[in-house]
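Here the structure is laid out as structure tokens; the discussion comes afterwards.
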Amino acid sequence: MLLEKATVLSNKQIRPDYWQLGLHAPQIAAQAQPGQFMMVTAADSYDPFLKRPMGINIIDPKSGFIRIIYLVLGRGTKLLTKLRENMEIDLLGPLGNSWKVEESCRRALIMGGGSGVATLLPLARELFYRRVKVDVILGARSKDYLSCADEFADYGSVIYATIDGSAGYKGLATDIYPDDIRYDMVYACGPMKMMEKVVHLSRKHQIRCQVSLEENMGCGYGVCMGCICSVREPDGHVVYKRICKDGPVFNGEEVFW
Amino acid sequence: MLLEKATVLSNKQIRPDYWQLGLHAPQIAAQAQPGQFMMVTAADSYDPFLKRPMGINIIDPKSGFIRIIYLVLGRGTKLLTKLRENMEIDLLGPLGNSWKVEESCRRALIMGGGSGVATLLPLARELFYRRVKVDVILGARSKDYLSCADEFADYGSVIYATIDGSAGYKGLATDIYPDDIRYDMVYACGPMKMMEKVVHLSRKHQIRCQVSLEENMGCGYGVCMGCICSVREPDGHVVYKRICKDGPVFNGEEVFW
Amino acid sequence: MVDLRLQFAGIQLKNPLLTASGTCGYGRELAQLFDLSILGGICVKGTTLEPRLGNPPPRIMETAGGLLNSVGLQNPGVEKVIEEEMPFLRQFDTAVVVNIAGHQEDDYRLLAERLDSVPGIAALEVNISCPNVKNGGMAFGTQPATAARITTLVRQATSLPVIVKLSPNVTDIGEIAKAVEAAGADCVSLINTLMGMTIDIEKRRPFLANITGGLSGPALKPVALRMVWQTYRAVSIPIIGMGGICNAMDAIEFMLAGASAFQIGAAAFHNPLAAPDILADLTQWLDTHGVAKISDIIGEAQC
Amino acid sequence: MVDLRLQFAGIQLKNPLLTASGTCGYGRELAQLFDLSILGGICVKGTTLEPRLGNPPPRIMETAGGLLNSVGLQNPGVEKVIEEEMPFLRQFDTAVVVNIAGHQEDDYRLLAERLDSVPGIAALEVNISCPNVKNGGMAFGTQPATAARITTLVRQATSLPVIVKLSPNVTDIGEIAKAVEAAGADCVSLINTLMGMTIDIEKRRPFLANITGGLSGPALKPVALRMVWQTYRAVSIPIIGMGGICNAMDAIEFMLAGASAFQIGAAAFHNPLAAPDILADLTQWLDTHGVAKISDIIGEAQC
Ligand SMILES: Cc1cc2nc3c(=O)[nH]c(=O)nc-3n(C[C@H](O)[C@H](O)[C@H](O)COP(=O)(O)OP(=O)(O)OC[C@H]3O[C@@H](n4cnc5c(N)ncnc54)[C@H](O)[C@@H]3O)c2cc1C
Ligand SMILES: Cc1cc2nc3c(=O)[nH]c(=O)nc-3n(C[C@H](O)[C@H](O)[C@H](O)COP(=O)(O)OP(=O)(O)OC[C@H]3O[C@@H](n4cnc5c(N)ncnc54)[C@H](O)[C@@H]3O)c2cc1C
Ligand SMILES: Cc1cc2nc3c(=O)[nH]c(=O)nc-3n(C[C@H](O)[C@H](O)[C@H](O)COP(=O)(O)O)c2cc1C
Ligand SMILES: Cc1cc2nc3c(=O)[nH]c(=O)nc-3n(C[C@H](O)[C@H](O)[C@H](O)COP(=O)(O)O)c2cc1C
Ligand code: FES
Ligand code: FES
């Protein structure tokens, strides 16, 4: 974890509401692991006051390149769209734990929805390089909202689910969860409802799964106890864990929905 | 008074700490009179919360061009420096009264100091077009801080006073107030101390004078009663007047220092 | 299209937006920017029996997300307001609320009596919460007993609806609200400004000549909203909410928390067109969300 | 170069900057960003007798110029703090202040007794002002009598310096400060958070699961500074000031208003390096202004 002044290489709209921010941040790029995130602000002011958590979508330690894909939602992300080439931005990162990839893993399923897709791309790449066979299911509102689909295709087979049916299956990503394949691991990031469903389906098929959670954050680095989720300990006790420090990736089974 | 979305034509540093902002604001340019000001913000946020009062340095009703010269001081003006060509900015203006130029005026003295110089330039121009002979005394910390000097020279004779002696007279602008000339009017804008001195000197020489005052403003258009100064009424009573609405220009004699 | 009309505490409003006292003068300047008749109402500057100069400058200092003011009730006095400002305000189809303030308790009675028969006044707003005057002001509004006493005085002196404006500088706003309700207030409005200060570190003295000032603006919105929520649970008279409202979403929060109407104050410094902008966005939001009558959302936030 | 050392209320500090309780955990995470030994002190997360889960999520919401939190004293309990966190903190050359909080009055006595002999504690900070717990917390800090009673309990149970942390959610903070001074407090720290709330207008319910939360950050700085100013005039024990301090200038304002030292809280969310940055800028400002000893500026603002 460190605070780095990154230089903006590019910042452009790629989908309705989705933007892509390319940064030169060599120190963070050197350390970041798939699934980790950063705290980001574009404001030189006390409003917005808090930094925004953003997953890392591309990590290139060699060139120091880092990419974020962000959904424009409220004030903080709106300000991000004002960044132009060569401007500077403070990043705190890399933060949190990362997707766990086990040596024994041969085949994995990645399920992404909404802005959660972004943090799964470096995982797909990692799995690919580790010779894990990867299936990817991406869910979105419509074709226009599918992001990174082409890039995922470099690392595995990709299928889509869109609510309006404009691309792939018409419906939810979880509707096309492959019942017949014995994955070694399922990785999911997306809306809470989707992840809960994925955990449920995986449990049914006795496949382990990992999910990346979101919660409003004060600090992003573990000091404020703001970003907790309920986790069931092996002894059955439910405890609160910090998403920013103990997560954002949790074993699906331990999350108490 | 109206709220206009102006387009930034240029924004550049012209002196240490001084910037010049060129705007396309046809509606305000069509109405503004020398001495009037605008309320300006560069922030798309609640911090800074208030707009900043800024005098108008060039008014060109034909082309819709307006220019501001601003001293970078605190958070608001620092944000102004981030404006780039083609960006938009909200202006509220034109605000306040204006310099009064009497028909009978034949010869006038303009005394400007610091950031107060900016609002005197359109006055000099107006006087020039009305065939008033204009003498201008500009005071600054040093040569580097003298702004608009060349432009004033188009409208009258200009002399300088700098504290470090790097241009013109070494000392204060008020030190070289011409004792021997019977001006019809003295116009002053600059630090409070300077304007007080000008009023004092003018009274001594029985010359009328006008000063443009500054005070922290809440609204800038007369609703909050935040920006008052003490004015002595003809009957001797001291009342509070709003600088933003009843001013910023006051007769030097009526201001109660 | 949503029906924005409201009727409560004997006050009729064409919509829930009023401009807050001290932030809209007597309407003359705003009238240059938009038609005042679009407003639900306008609460004029705090009016006293005699003309008041108010506090010396500086009176305004910006803070993070807001500002401090120490104007201290500068106003021309009730007679001039009746003679010069009321005729102007009567031109508009909007509810005129006169905000009254006193140095001593009896001032409130005298003001209420004097204004009772003046045409064109929709209600009196009793300011017992101004943090910027030495005598009276906030001191009246932080003790339930005094707050109640002044409410009774005004209630007995006028047949106009009486809105009591509460101070946030208290331990328990519900307690004060209950006291003024029991004393006959038709409505409470809250919050006035929170007392704050700022220091000029170069000069080593408080920046405002009055030392302290009142904080307003979005910075204090969470505190104001909490107080509206608490007051809604403490009393059954209607509430006019305010404190940092700068956009339609803010306004909806206040109404969901229990406000029957809302005022906007400092917002008009940030954006002089805040009132028309908020009205437009509010209407659109309510329409999009299928709200038929604005009154349907009052106090509708559940927990 | 300015001498930043301070000594007051039996506490020795290498400089006036402490990190505020609940915003720096137990130091482990900040230690990854800078050497904790640069700090004047560190106030650990509010510690209770038994482990506490705190409130359900969501616990954090941003507001203009600040944030609301409703963490509700999540902590592992005093025994774990002594066993697991104190050894870590003792490695650093900085004053460790343990912030204690109870459900009932006697909890404070038990906590103070338990911590009395634990090595490496510079002082206890008695939190009678947490707005986010149902029993105890702020309820203790808004009544002079209860505040005084808890102060006495702690004072009698420990030989450590006792700092009482005051709530801003009161009508008269000077009154509470006087009560705890009379009850034996060595020092007061203020302010804790202001109670606020925010509503999710789409879901029509309070955004925070706990309904209300505590406001911190620059938004409330003017209120905090005013309270420090008032408290400085009310008591003669030293004051540790806090509330929205985000830069060296803010910190100087608090010291000029009467604070002997200051804490930074939410600033560390906006800028994780706030502590080292403020210390560097503070030193530079004091040097440029020819201040020989930091203690020379305490309470120096005149009006
Ligand atoms: C670990 C993590 C990784 C994330 N990665 C990405 C990503 O790669 N791309 C992407 O588009 N989004 C991502 N998000 C969500 C993103 O942080 C929010 O969309 C963003 O903070 C919204 O800010 P805003 O200013 O637009 O919204 P506002 O509504 O103005 O935000 C107000 C406050 O709520 C918080 N907030 C609002 N929505 C969320 C949310 N979903 N999660 C956490 N905090 C929220 C904001 O951070 C801020 O503090 C991630 C969230 C987490 C926790
Ligand atoms: C009628 C009028 C015309 C002006 N014209 C010019 C001009 O043409 N060029 C120029 O450089 N400056 C001008 N000023 C001064 C300018 O408004 C301030 O320098 C500016 O507001 C400082 O803002 P900031 O954010 O940099 O400082 P900050 O210190 O961050 O400002 C904090 C608050 O104090 C107010 N403030 C600080 N200094 C002044 C001041 N001198 N006058 C009024 N408010 C102040 C700010 O507006 C803001 O509300 C004028 C002021 C007035 C009243
Ligand atoms: C400059 C200024 C002057 C004010 N004057 C008065 C007043 O005369 N009477 C009054 O009751 N409230 C007065 N107020 C308080 C406002 O009416 C309102 O209660 C407060 O500002 C909170 O709302 P806001 O955050 O929307 O501004 C004043 C506020 C400001 C900013
Ligand atoms: C997330 C969070 C948790 C907090 N937890 C505690 C706590 O456990 N004990 C306590 O006394 N104060 C707690 N506080 C209050 C701070 O210590 C401080 O008093 C307050 O935030 C004001 O300072 P600031 O504006 O600099 O943050 C907490 C504040 C925040 C933001
Ligand atoms: S956001 Fe502060 S602990 Fe996670
Ligand atoms: S700034 Fe509001 S009246 Fe002048």
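Below, all heavy atoms of this structure are taken into account, side chains as well, without hydrogens, waters or symmetry copies. Sequence lines set the chain letters: A, B, ... in the order given, protein chains first and strands last, and positions in each chain run from 1.
- Applying a 4.5 Å heavy-atom cutoff, the residues of residues 44-66 of chain A that approach chain D are A:Ser45, A:Tyr46, A:Asp47, A:Pro48, A:Phe49, A:Leu50, A:Lys51, A:Arg52.
- Looking only at heavy-atom pairs under 4.5 Å with chain D, the residue among A:Val239, A:Thr41, A:Asp90, A:Leu92 that has the most is A:Leu92.
- Residue-environment remark: CD (D:Glu50) stays at or below the threshold of 12 foreign heavy atoms within 6.0 Å.
- Within a 6.0 Å radius of CD in D:Glu79, more than 12 heavy atoms belonging to other residues, nucleotides or ligands are found.
- With chain A as partner, the option from D:Gly25, D:Pro51, D:Gly265, D:Gly65 having the largest number of non-hydrogen pairs under 4.5 angstrom is D:Gly65.
- Within a 6.0 Å sphere centred on CZ of A:Arg208, other residues, nucleotides and ligands contribute 12 heavy atoms or fewer.
- Within a 6.0 Å sphere centred on NZ of A:Lys143, heavy atoms belonging to other residues, nucleotides or ligands number 12 at most.
- Most heavy-atom pairs under 4.5 Å with chain A: of the set D:Leu53, D:Thr23, D:Leu67, this distinction falls to D:Leu53.
- The candidate with the highest count of non-hydrogen atom pairs below 4.5 Å against chain A, out of D:Asn69, D:Val71, D:Ile60, is D:Ile60.
- Contacts with chain A (heavy atom to heavy atom, under 4.5 Å) involve these residues of residues 26-38 of chain D, listed by number: D:Glu29, D:Leu30, D:Gln32, D:Leu33.
- Heavy-atom distances place the backbone of D:Ala267, and not its side chain, under 4.5 Å from chain A.
- For residues 89-96 of chain D, an interface with chain A (any heavy-atom pair closer than 4.5 Å) does not exist.
- Chain A forms more heavy-atom pairs under 4.5 Å with one residue of D:Gly217, D:Ser70, D:Gly66, D:Gly72 than with any other, namely D:Gly66.
- For residues 214-237 of chain A, heavy-atom neighbours of chain D at less than 4.5 Å comprise A:Glu215, A:Asn216, A:Met217, A:Gly218, A:Cys219, A:Tyr221, A:Gly222, A:Val223, A:Cys224, A:Met225, A:Gly226, A:Ile228, sorted by residue number.
- Among D:Pro58, D:Ala64, D:Pro272, D:Gly22, the residue making the largest number of heavy-atom pairs under 4.5 Å with chain A is D:Pro272.
- Neither the backbone nor the side chain of D:Ala219 has a heavy atom closer than 4.5 Å to any heavy atom of chain A.
- When heavy atoms are compared at a cutoff of 4.5 Å, D:Pro56 approaches chain A by way of both its backbone and its side chain.
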